[in-house]
Amino acid sequence: MTGTSTLPGSGALPAAAPLPPADGAAAEHLLVCKQVHRVTHDMTTFSFEPAEPRLFRHDPGQYLVFSFEIDGRRTDRCYTLSSPPSRPHLAAITVKRVPGGRVSTWLHEHFAPGDVVRARGPFGRFSPARHPAPAYLFLSGGSGITPLMCMTRTLHDLASPADVVFVHSARTPDDIPFRQELELLAATAERLRVVHVCESDGATERWRGHRGRLTPDTLHRIAPDFLHREVFTCGPPGYMRAVRDMLSAAGLPRGRYHEESFEAVPPAGTQPAPADGPSTASTQPTQARAPVPAHTGAPARTPPTTGVPTTATGADDDEATGFVVELSRSGRRITCAAGTSVLEAAARAGITLPSSCGEGACGTCVTTLQQGSVDMHHQGGLGPRDEARNQILLCCSTPRENLVIDA
């Protein structure tokens with residue numbers, strides 16, 4: 001891309017100053033939908049403006065945690081901002097409709113201009129603002145294009161001199177998001193190349209570009225110098241695993257590889273629930289995330305609440321020892337070893353609980369602690385008022401004693 005960057009010659013992006021938090025927690029926003037724009041047959045962009053005049057500040061690649069009221073029930077989802085911080089008057093998310101997805105289906109069918117939603121953030125470290133480089137390789141598959149589109153728009157808007165190769169994989173030409181915009185960006189920035197890889201032809205278009213799936217040979221033809229680029233990648237689980245293995249086998253230095261996973265991984269032996277939005281991970285290899293389950297309403301039972309680790313009667317592993325954690329809504333009891341988060345213990349027991357970032361930032365796994373005490377070290381996912389109401393984040397809470405939680 002041509003022009004002058006913030007740090008000449010480096011391609012570096014200015015990191016956004018964080019929004020001022022309320023009560024020491026993540027910034028909260030009341031957002032009004034301004035526009036709904038169809039991107040492909042199953043992807044839509046929703047643009048928002050603040051209910052009160054203000055500008056959005058975020059790093060390209062970061063996400064917000066949205067709280068939707070659907071059928072009288074609050075449902076939280078993390079969505080990456082597809083709008084660049086260089087256009088701060090609006091914040092936009094681009095959502096792929098997932099068959100059976102509770103939130104994505106509701107957004108596509110019911111959400112309209114004028115509707116209001118609450119969100120928190122921004123969160124996330126998946127951003128070139130934290131990894132300045134003279135050359136980037138962006139790899140995306142499916143709806144994983146969203147954060148990389150934000151990065152590309154930002155680099156273009158700021159006239160960064162960074163050399164960018166953007167490779168997107170899609171099923172057919174009909175499934176390529178932002179196709180015309182990317183072609184225009186590439187036509188007006190000599191150091192941006194955009195390449196699409198499609199598995200098959202579209203309904204009305206025969207695909208004449210790279211066909212099949214992204215392979216080492218294809219990547220070598222597109223970007224022979226990829227081992228010397230800073231790599232950002234995002235996409236569905238199978239795509240992510242293939243890219244990670246391919247780059248590792250090719251010898252890409254670990255420090256140059258950054259990923260964000262849209263993966264929602266259930267415990268062993270269970271089937272994944274539809275994942276509406278990204279499971280926003282750090283720039284390290286993907287961690288398992290539990291998908292959001294349906295809530296049950298079985299009566300609660302009260303376990304012993306002494307501070308001595310014990311064997312959990314009725315737990316999935318009767319031989320395991322540790323603290324007993326009672327899920328009051330389902331009546332289930334699990335064992336949680338000392339130093340293990342409640343979320344991890346639940347996943348090991350075959351129970352999926354709401355979660356997303358896994359880092360104590362997004363607040364998706366918040367619940368009420370009804371009995372017992374925990375050690376909790378979060379990154380702004382709760383405010384002091386939340387903690388005063390005995391709310392905890394399951395991803396970063398380890399028991400001090402036996403617990404009862406509202407789950």
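The minimum heavy-atom distance between Ala189 and His156, with the atom names listed, is CB-CD2, 3.9 Å. The two residues Ala162 and Ala133 make their nearest non-hydrogen contact at CB-O, 3.9 Å. Contact detail for Lys96 and Asp42: the closest heavy-atom pair is NZ-OD2, 2.6 Å. Ala407 approaches Leu353 most closely through the heavy-atom pair CB-CD2, 4.1 Å. For Pro177 against His168, the heavy-atom pair with the smallest separation is CD-NE2, 3.5 Å. When all heavy atoms of Val342 and Ile334 are compared, the pair lying nearest together is O-CD1, 4.4 Å.
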message: With side chain to side chain contact (heavy atoms under 4.5 Å, CB included) as the criterion, how do Tyr136 and His258 come out once you've worked through the C-alpha distance, each side chain's angles and the decisive distance to 0.1 Å?
response: CA-CA 11 Å; Tyr136 293 101; His258 316 281; over 6 Å; no
task: Tell me, with the steps shown, if Ser47 and His37 meet side chain to side chain contact (heavy atoms under 4.5 Å, CB included).
output: CA-CA 8 Å; Ser47 297; His37 172 67; over 6 Å; no
query: Given Leu55 and His89, is the side chain to side chain contact (heavy atoms under 4.5 Å, CB included) satisfied, shown in steps?
result: CA-CA 5 Å; Leu55 298 179; His89 292 85; 3.5 Å; yes
message: salt bridge (Lys or Arg N to Asp or Glu O under 4.0 Å), that's the test. Do Asp225 and Arg229 meet it? Break it down for me.
response: CA-CA 7 Å; Asp225 62 344; Arg229 294 175 177 267; 3.0 Å; yes
Residue pair Arg102, Arg73: steps toward the side chain to side chain contact (heavy atoms under 4.5 Å, CB included) verdict: CA-CA 11 Å; Arg102 174 180 173 82; Arg73 193 178 88 193; 3.4 Å; yes
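In this structure, the side chains of Ser86 and Leu158 come closer than 4.5 Å at one or more pairs of heavy atoms. At least one side-chain heavy atom of Thr105 sits under 4.5 Å from a side-chain heavy atom of Arg97. Residues Cys150 and Thr146 have side chains not in contact (no heavy-atom distance under 4.5 Å, counting atoms from C-beta outward). Side-chain contact between Cys198 and Thr172 is absent, with no heavy-atom pair separated by less than 4.5 Å. Residues Val243 and Met240 fail the side-chain proximity criterion, which asks for heavy atoms closer than 4.5 Å. With contacts defined as side-chain heavy-atom distances shorter than 4.5 Å, the pair Tyr79/Leu107 qualifies. At least one side-chain heavy atom of Phe56 sits under 4.5 Å from a side-chain heavy atom of Pro50. Thr154 is listed as a side-chain neighbour of Pro85, based on a closest heavy-atom distance under 4.5 Å.
No donor-acceptor distance shorter than 3.5 angstrom exists from the side chain of Glu260 to the backbone of Cys234, with no hydrogens or angles considered. A donor-acceptor contact shorter than 3.5 Å links the side chain of Ser104 to the backbone of Val98. Side chain of Ser328 to backbone of Ile405: a donor-acceptor contact under 3.5 angstrom is found. A distance-only check finds a donor-acceptor pair linking the side chain of Arg193 to the backbone of Ile222 [under 3.5 Å]. In this structure, Thr45 contributes its side chain and Thr94 its backbone to no donor-acceptor pair below 3.5 Å. Listed for the Arg329 side chain is a donor-acceptor partner under 3.5 Å among the backbone atoms of Asp406. Counting only distance, with no hydrogens or angles, the side chain of Ser160 and the backbone of Leu155 share no donor-acceptor pair below 3.5 Å. Side-chain atoms of Ser248 do not come within 3.5 Å of backbone N or O of Arg244 as any donor-acceptor pair.
For Arg256, there are no side chain to side chain donor-acceptor pair (under 3.5 Å) partners, not counting sequence neighbours. Applying the side chain to side chain contact (heavy atoms under 4.5 Å, CB included) criterion to Arg221, with sequence neighbours excluded, gives His210, Asp217, Thr218. With sequence neighbours excluded, the residues satisfying side chain to side chain donor-acceptor pair (under 3.5 Å) with Glu387 are His378. Listed by chain and number, the residues in a ring pair (Phe, Tyr, Trp, His ring centres under 6.0 Å) with His220 are Phe226 (sequence neighbours excluded). Legend: residues meeting salt bridge (charged side-chain N to carboxylate O under 4.0 Å, His left out) with Arg213, ordered by chain and number and at least two apart, are Glu199. Among residues two or more places apart in sequence or in another chain, the side chain to side chain donor-acceptor pair (under 3.5 Å) test is passed with Arg389 by Asp386. In this view, Phe68 and Phe66, Trp106 satisfy the ring pair (Phe, Tyr, Trp, His ring centres under 6.0 Å) rule, not counting sequence neighbours. In this view, Thr398 and Asp375 satisfy the side chain to side chain contact (heavy atoms under 4.5 Å, CB included) rule, not counting sequence neighbours. Residues satisfying the salt bridge (charged side-chain N to carboxylate O under 4.0 Å, His left out) test with Glu205, not counting sequence neighbours, are Arg179. With sequence neighbours excluded, the residues satisfying side chain to side chain contact (heavy atoms under 4.5 Å, CB included) with Val116 are Leu30, Val32. Applying the side chain to side chain contact (heavy atoms under 4.5 Å, CB included) criterion to His41, with sequence neighbours excluded, gives Arg38, Asp175.
Leu214 contributes atom CG, which lies 4.0 Å from atom CE of Met246 (distance to the nearest 0.5 angstrom). Remark: Leu139 CG to Phe232 CZ distance equals 11.5 Å, nearest 0.5 Å. Residue Leu219 holds its CG atom at 8.5 Å from CG of Leu227, rounded to the nearest 0.5 Å. The line from OG of Ser82 to CE of Met149 is 8.5 Å long, rounded to the nearest 0.5 Å. Taken to the nearest 0.5 Å, the CG atom of Leu137 stands 7.5 Å off from the CG atom of Leu247. Separating the OG atom in Ser140 from the NE2 atom in His196 is a distance of 9.0 Å, to the nearest 0.5 Å.
In this structure, Phe46 and His108 have perpendicular ring planes: the angle between them is above 60°, well past the 30° mark.
Residue Gln180 places its CD atom among 12 or fewer non-hydrogen atoms of other residues, nucleotides or ligands, all under 6.0 Å distant. Other residues, nucleotides and ligands contribute only 12 or fewer heavy atoms inside 6.0 Å of the CZ atom of Arg171.
Of the charged side-chain nitrogens involved, none lies within less than 4.0 Å of a carboxylate oxygen, so that Arg125 and Asp59 do not count as a salt-bridged pair.
Listed by first and then second residue, the salt bridge (Lys or Arg N to Asp or Glu O under 4.0 Å) pairs involving residues 83-95 are Arg87-Asp157 (not counting sequence neighbours).
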